[in-house]
Enquirer: 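Sharing a structure here in structure tokens format.
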Amino acid sequence: MDFTGSVTMSADEETQLAAILRCETEELPGRIAELGKAAVREYLDMILSEAVVRSPEVREHRLHLLITEAFSNRIPDEGEVGRLFNLSRTSARSLLRSVISRRRYILKNAMALQASSIIDSCELCENGDRRVAIKSAVVVEFLNEQLGELDGSLKRIFRERMTGNYYIIPEDSFNALQSQL
């Protein structure tokens with residue numbers, strides 16, 4: 001179903017929204033259209049009596065819709081979730097964990113795509129390990145869970161010392177993840 005609509009915003013609101021969404025003000029119509037798909041889906045679910053009632057469930061439902069509609073099945077990092085829901089990084093991480101856990105079968109492909117993208121972007125270290133930037137601790141947890149399910153003796157992915165978002169994937173763990181994904 002196609003639909004169109006318009007929203008009136010002040011110049012200050014546009015500037016603030018562009019900063020939150022990390023885009024130029026000229027890009028706002030496209031970004032708002034992406035978010036609008038998730039919002040319309042939420043209203044359709046409400047009208048069809050599929051809406052959730054409790055506040056944490058509403059947030060989870062909204063994030064799930066954003067992942068599937070606005071982000072095209074890409075799992076956002078904690079920073080993005082925090083900006084969209086006006087949450088601290090810790091609360092955003094908790095919300096992401098909850099959505100991924102409660103909707104694990106629905107979001108399985110999205111998580112697999114995210115994991116595959118991370119594996120593909122790894123840099124080879126001299127010792128055979130891999131180094132990669134990962135913005136989301138939730139994705140690291142997912143990858144470590146995958147390692148545990150594959151073989152309990154595989155080493156976990158860990159944060160590289162003295163860095164913010166760089167992680168080390170031990171060679172045997174990288175090989176196992178690469179063959180599984």
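As the structure is a prediction and not an experimental result, all values here were calculated from the model.
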Enquirer: Run the salt bridge (Lys or Arg N to Asp or Glu O under 4.0 Å) test against Glu160 and tell me which residues pass, sequence neighbours left out.
Expert: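 If we apply the salt bridge (Lys or Arg N to Asp or Glu O under 4.0 Å) test to Glu160, skipping adjacent residues, the hits are Arg131.
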Enquirer: For residues 24-32, which side-chain N or O atoms pair as donor and acceptor with protein atoms under 3.5 Å away, sequence neighbours left out?
Expert:
from  : atom 1 : to    : atom 2 : distance (Å)
Glu27 : OE2    : Glu24 : N      : 2.9
Arg31 : NE     : Glu34 : OE1    : 3.4
Arg31 : NH1    : Leu21 : O      : 2.9

Enquirer: What residues form a side chain to side chain donor-acceptor pair (under 3.5 Å) with Thr163, not counting sequence neighbours?
Expert: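 Once residues adjacent in sequence are excluded, Thr163 has no partner under the side chain to side chain donor-acceptor pair (under 3.5 Å) criterion.
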Enquirer: Which residues pass the side chain to side chain donor-acceptor pair (under 3.5 Å) test with Asp77, not counting sequence neighbours?
Expert: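 None.
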Enquirer: Under the salt bridge (Lys or Arg N to Asp or Glu O under 4.0 Å) definition, can you give me all pairs with a residue in residues 90-100, not counting sequence neighbours?
Expert: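 Counting only pairs at least two positions apart or across chains, the salt bridge (Lys or Arg N to Asp or Glu O under 4.0 Å) contacts touching residues 90-100 are Glu78-Arg93, Arg97-Glu141.
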Enquirer: If you compare all heavy atoms of Val81 against all heavy atoms of Pro76, which two are closest, and at what distance to 0.1 Å?
Expert: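 Smallest interatomic distance, heavy atoms only, reads CG2-CG, 3.7 Å.
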Enquirer: Main chain of Val99, side chain of Arg102: is a donor-acceptor contact present, judged purely on distance under 3.5 Å?
Expert: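 Side chain of Arg102 to backbone of Val99, a donor-acceptor pair under 3.5 Å: no, none is there.
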Enquirer: Shortest non-hydrogen contact from Leu181 to Ser116?
Expert: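 Distance-wise, the nearest heavy atoms are CD1-N, 3.8 Å.
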Enquirer: Suppose we screen for salt bridge (Lys or Arg N to Asp or Glu O under 4.0 Å). Which residues come up paired with Glu14, at least two apart in sequence or across chains?
Expert: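 By the salt bridge (Lys or Arg N to Asp or Glu O under 4.0 Å) rule, Glu14 matches no residue at all.
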Enquirer: Sequence neighbours excluded, which residues qualify as side chain to side chain donor-acceptor pair (under 3.5 Å) partners of Ser91?
Expert: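 For Ser91, the residues satisfying side chain to side chain donor-acceptor pair (under 3.5 Å) (neighbours in sequence not counted) are Ser88.
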Enquirer: Report, as yes or no, whether the 6.0 Å neighbourhood of atom CD on Glu13 holds more than 12 heavy atoms from other residues, nucleotides or ligands.
Expert: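 Enclosed.
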Enquirer: Locate the shortest heavy-atom distance separating Tyr167 from Ile157; write the atom from each residue and the value.
Expert: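 For Tyr167 and Ile157, the tightest heavy-atom pair comes out as CB-CG2, 3.8 Å.
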Enquirer: As an exercise, state the distance from CD1 of Ile75 to OG of Ser136, rounded to the nearest 0.5 Å.
Expert: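 Going from the CD1 atom of Ile75 to the OG atom of Ser136 covers 8.5 Å.
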Enquirer: Give the minimum heavy-atom separation between Cys125 and Arg130, together with the two atoms involved.
Expert: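 Answer, listing the atom of Cys125 first, then Arg130: SG-C, 4.1 Å.
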Enquirer: I'd like to know if Ile118 and Leu124 are part of one continuous hydrophobic network [Ile/Leu/Val/Met/Phe/Trp/Tyr, side-chain heavy atoms within less than 4.5 Å].
Expert: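 No, separate clusters.
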Enquirer: Between side-chain atoms of residues 65-73 and protein atoms elsewhere (two or more places apart, or another chain), which donor-acceptor pairs fall under 3.5 Å?
Expert:
from  : atom 1 : to    : atom 2 : distance (Å)
Thr68 : OG1    : His64 : O      : 3.1
Thr68 : OG1    : Leu65 : O      : 3.3

Enquirer: Atom CG in Leu95, atom CZ in Arg62: separation rounded to 0.5 Å?
Expert: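 Leu95 atom CG to Arg62 atom CZ measures 11.0 Å (nearest 0.5 Å).
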Enquirer: Considering all heavy atoms of both residues, which atom of Gly82 and which atom of Ala92 are nearest to each other, and what is their separation?
Expert: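 Taking Gly82 first and Ala92 second, the nearest heavy atoms are N-CB, 3.6 Å.
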Enquirer: Please tell me whether Phe85 and Val138 are part of a single hydrophobic cluster in this structure, the criterion being side-chain heavy atoms less than 4.5 Å apart.
Expert: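 They do share one cluster, since a chain of ILVMFWY contacts under 4.5 Å joins Phe85 to Val138.
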Enquirer: Nearest 0.5 Å, please: how far is CG in Leu147 from CG in Leu177?
Expert: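 Interatomic distance, Leu177 CG to Leu147 CG, rounded to 0.5 Å: 4.0 Å.
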Enquirer: Does any donor atom in the side chain of Ser153 or Asp151 lie under 3.5 Å from an acceptor atom in the other side chain?
Expert: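 Indeed, the side chains of Ser153 and Asp151 share at least one donor-acceptor pair under 3.5 Å.
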Enquirer: Restricting to salt bridge (Lys or Arg N to Asp or Glu O under 4.0 Å), what partner residues turn up for Glu171, sequence neighbours left out?
Expert: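 Counting only residues at least two positions away or on another chain, Glu171 forms no salt bridge (Lys or Arg N to Asp or Glu O under 4.0 Å).
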Enquirer: Among the clusters formed by ILVMFWY side chains lying less than 4.5 Å apart, do Leu113 and Met111 turn up in the same one?
Expert: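 No: no chain of side-chain contacts under 4.5 Å links Leu113 to Met111.
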Enquirer: Using atom types as modelled and distance alone, determine if a side-chain donor or acceptor of Arg83 lies under 3.5 Å from a backbone N or O of Gly79.
Expert: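 Yes; at least one donor-acceptor contact below 3.5 Å.
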Enquirer: Grouping I, L, V, M, F, W and Y whenever their side-chain heavy atoms are under 4.5 Å apart, do Val139 and Ile106 come out in a common cluster?
Expert: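 Different hydrophobic clusters.
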Enquirer: Quick one: list whatever passes side chain to side chain donor-acceptor pair (under 3.5 Å) with Gln180, sequence neighbours left out.
Expert: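 If we apply the side chain to side chain donor-acceptor pair (under 3.5 Å) test to Gln180, skipping adjacent residues, the hits are Gln146.
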Enquirer: From Leu150 CG over to Ser173 OG, what is the distance, rounded to the nearest 0.5 angstrom?
Expert: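 Answer for the CG-OG pair, Leu150 versus Ser173, is 9.5 Å.
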Enquirer: Measure the CD-CZ distance between Glu80 and Arg22 for me, rounded to the nearest 0.5 Å.
Expert: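 So the gap between those two atoms works out to 8.0 Å.
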Enquirer: Running the 4.5 Å side-chain criterion over Ile, Leu, Val, Met, Phe, Trp and Tyr, what cluster does Phe158 land in, apart from itself?
Expert: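 Besides Phe158, the hydrophobic cluster comprises Ile168, listed by chain and residue number.
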Enquirer: Could you grab the distance from atom CD of Glu123 to atom OH of Tyr166, nearest 0.5 Å is fine?
Expert: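 That separation rounds to 6.0 Å.
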Enquirer: Can you list the residues that meet the salt bridge (Lys or Arg N to Asp or Glu O under 4.0 Å) rule with Lys155, with sequence neighbours excluded?
Expert: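 Asp172.
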Enquirer: Check this for me: Arg156, atom CZ, are more than 12 non-hydrogen atoms of other residues, nucleotides or ligands nearer than 6.0 Å?
Expert: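 12 or below, so no.
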Enquirer: Would you check if Arg103 and Glu60 make a side-chain contact, meaning some heavy-atom pair closer than 4.5 Å?
Expert: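 Heavy-atom side-chain distance check passes, below 4.5 Å.
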